[in-house]
Enquirer: 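Structure in structure tokens, see below.
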Amino acid sequence: MPDIIQLLPDHVANQIAAGEVVQRPASVVKELMENAIDAKATSIKLIIKEAGKTLIQVIDNGIGMSHTDARLSFERHATSKIKKAEDLFNIHTKGFRGEALASIAAIAHVDLKTKQENQELGTHIKIKGSTVVSQENASASKGTSVAVKNLFYNIPARRNFLKSNSVETRHIINEFQRLALAHANIAFSFFHNDNEIYNLISSNLRQRIVAILGKKTNERLVPINEITELVEIQGYVTKPEFAKKKRGEQFFFVNNRFIKNAYLNHAVTNAFENLLANGYYPTYFLYLNVPPKSIDINIHPTKTEIKFDDEKSLYAIIRATIKHSLGQYNVGPILDFERKASFDTPYEFKNKKTSSPLIQVDTNFNPFKSDDQKSIKFPFKREIQSQWESLYTGIDIQNIEVDSETVNTSLFSEENSIAKTYQIHKKFIVSSIKSGIVYIHQHFAHQRILYEEYLENITVKEAMSQQLLFPLEISFNKSDIGLIKEIKEDLESIGFLFGKISADAIVVTGMPVTISESQITIIIEQLLEDIKNDIPESSFSQLDIMAKSLAKNLAIKTGKKLDLKEQEELVNKLFLCKEPGFSPYGKKTFITINLDEIDKYFNN
Ligand code: ADP
Ligand code: MG
């Protein structure tokens, strides 16, 4: 038998590779514009004719290329952006594969002009289907112009497969917008069949968003800002009332690269929970900055998907940050309540430890004796010895930086301490505030407090456990056991400890300090019920359900009498929450009535 394996000629290999990189004219637009950005251009012009089918040209004022580089840039795997394998884990440019120009040149007529700043003359190269037709010196201004004509001229099947001009143009506009939004400081212009579509001057992010989406957008934007060890988040969401029926205007950028990520999108949508009617989508422009090492942009050839090291924490941070910003926008003005920046980050999103929780064995612990042996440091001026054990024990809030006076004096009328509170009908806590009266719903408010504490424990901290003197065996059916196994690690992160888990029973050896032994069974049962009834769309929302369920079941109930100190602590802790206005199930935790409104009752 003769040998039958042959190496494919370059132009065939390039043509095959091109299929991966270039699906439609918009792919060419993206690759050329990204090259211009990588070349540090401050001004980029895009010209297309007939939806890019006859011409796509990108002109930049970037660093340009030498004569040799200009020729080399069309070779496959030729790139100036990475040199060795390790560089793959530290990518600061848009491109790095070195295959775009080679691919484009394989399936089109390409005309490249480029000149570096210090060169007299630039280079002009013409290529048709991977073959260099000519290369000569030419006068040119600093930068690079790449014109791509007759795309897919040699692959008729592909060319016929292209959609109508309006559809292909839409794709191009999308790519253009994404890049223009990712680089507000670069000036961009865009011409289609000699009509100017966009002319964007170098600006800040807000101006760029408004320039692209229209003047009305300006007043709709709610700024988002959060810096944590894991990620820096900036950008805008639009106020809930301007949500759209289409998903169109949702932009995530990671290190200035547009990405799609269903999981993180869910985090945003989730932050709008209860604020949007069914079928409406929030508009957002979110810019995440993460260390390049913590992402893998290599998993998809067209690179709109990337993989994060720690998606779960990212999810939690994004959701909490947006909720908080929306909360400020909704609730802030009513309360004359200015948060300090330091107040905005109660969760230090350190890497979550999956190790088993810190165990504090309290040998004196007796679940039947209620005592006040445990105290907490409260971040306000006075230190409060809590009688209210179930609410405050084991919660370490010392490291939350809070300026007590800002909170107290701006919200409440009396200096240095909050106003006197009253409990009415064993249900509401009433207090006077600057603008009138606040009514706090004790059960919903406490749900909120516990919910944030549990979430924080689940996502960031090591929780404290109380070891049981006698391990407790609880029977469950098979499917429940399966579910418990699934959430075991998360339960451990909030302070549960388990011994043997058999086919029909579990052994609990420890529990969060906030729970008493007599509650364990009912709480776990209720938790399983809640998880089964909710349909978790992601592993995080399972954690969320857990935190909600525990908060619901452990929050003080309507009908419980609270002494003054307990009332005060409830109020204080509520307003330390990221999102004090609503219970985790979306119920209002408090309402305020303004003096004017009260006056009205007397003056009509
Ligand atoms: P990649 O961008 O992945 O490196 P490309 O095929 O897109 O691969 O480009 C190959 C090389 O050509 C780039 O690494 C860069 O050095 C050079 N290049 C391409 N476009 C430009 C441009 N507009 N200005 C300067 N250099 C460019
Ligand atoms: Mg490139």
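Indexing begins at 1, ligand by ligand and atom by atom, following the structure's order. When reading the values below, keep in mind they use all heavy atoms of this one structure, side chains included, and skip hydrogens, waters and symmetry mates.
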Enquirer: For ligand 1, which atoms, with element, lie under 4.0 Å from some heavy atom of Arg97?
Expert: 3 (O)

Enquirer: Does a donor on one side chain sit under 3.5 Å from an acceptor on the other, for Asn61 and Thr42?
Expert: yes

Enquirer: Would you say the rings of Phe188 and Tyr198 are close, in the sense that their centroids are separated by under 6.0 Å?
Expert: no

Enquirer: Which of the numbered atoms in ligand 1 are below 4.0 angstrom from a heavy atom of Ala100?
Expert: 6 (O), 7 (O)

Enquirer: Less than 3.5 Å between some nitrogen or oxygen of Asp38 and one of ligand 1, yes or no?
Expert: no

Enquirer: Need the ligand 1 atom indices (1-based, order shown) with element for anything under 4.0 Å from a heavy-atom of Thr79.
Expert: 1 (P), 4 (O), 14 (O)

Enquirer: Do any heavy atoms of Gly98 fall under 4.0 Å from ligand 1?
Expert: yes

Enquirer: Taking atom OH of Tyr280 as the centre, report whether more than 12 heavy atoms of other residues, nucleotides or ligands fall under 6.0 Å from it.
Expert: no

Enquirer: Check whether any heavy atom of Asp60 sits under 4.0 Å from an atom of ligand 1.
Expert: yes

Enquirer: Of the side chain and backbone of Ala41, name the one, both, or neither that has a heavy atom under 4.0 Å from an atom of ligand 1.
Expert: neither

Enquirer: Heavy-atom distances under 4.0 Å are what count here, so tell me which part of Ala39 touches ligand 1: side chain, backbone, both or neither.
Expert: side chain

Enquirer: With side chain to side chain contact (heavy atoms under 4.5 Å, CB included) as the test, would you mind laying out the steps for Leu221 and Thr238 before giving the verdict?
Expert: CA-CA 5 Å; Leu221 299 175; Thr238 55; 3.9 Å; yes

Enquirer: What I want to know is whether Phe96 and ligand 1 share at least one N or O pair that is separated by under 3.5 angstrom.
Expert: yes

Enquirer: Answer yes if the side chains of Asp111 and His124 hold a donor-acceptor pair under 3.5 Å, and no otherwise.
Expert: yes

Enquirer: Can a side-chain donor-acceptor contact be found between Lys30 and Asn174 if the only test is distance below 3.5 angstrom?
Expert: no

Enquirer: Would you confirm whether Arg158, through its side chain, and Ile107, through its main-chain N or O, come within 3.5 Å as a donor-acceptor pair?
Expert: no

Enquirer: Measure the acute angle between the ring planes of Phe253 and Tyr287, then classify it against the limits of 30° and 60° as parallel, tilted or perpendicular.
Expert: parallel

Enquirer: Does ligand 1 come near enough to Gly95 that some N or O of the ligand is less than 3.5 Å from an N or O of the residue?
Expert: no

Enquirer: Establish, from distance only, whether the side-chain atoms of Glu196 and Ser189 form a donor-acceptor pair under 3.5 Å.
Expert: no

Enquirer: Test your reading of the structure: does Leu101 have an N or O sitting under 3.5 Å from an N or O of ligand 1?
Expert: yes

Enquirer: If you measure every N/O of Glu31 against every N/O of ligand 1, is any gap under 3.5 Å?
Expert: no

Enquirer: Using 2.8 Å as the threshold, say whether any N, O or S atom from Thr79 sits that close to the Mg ion (ligand 2).
Expert: no

Enquirer: Examine the proximity of ligand 1 to Thr144 and report which part, side chain or backbone, both or neither, has a heavy atom under 4.0 Å away.
Expert: side chain

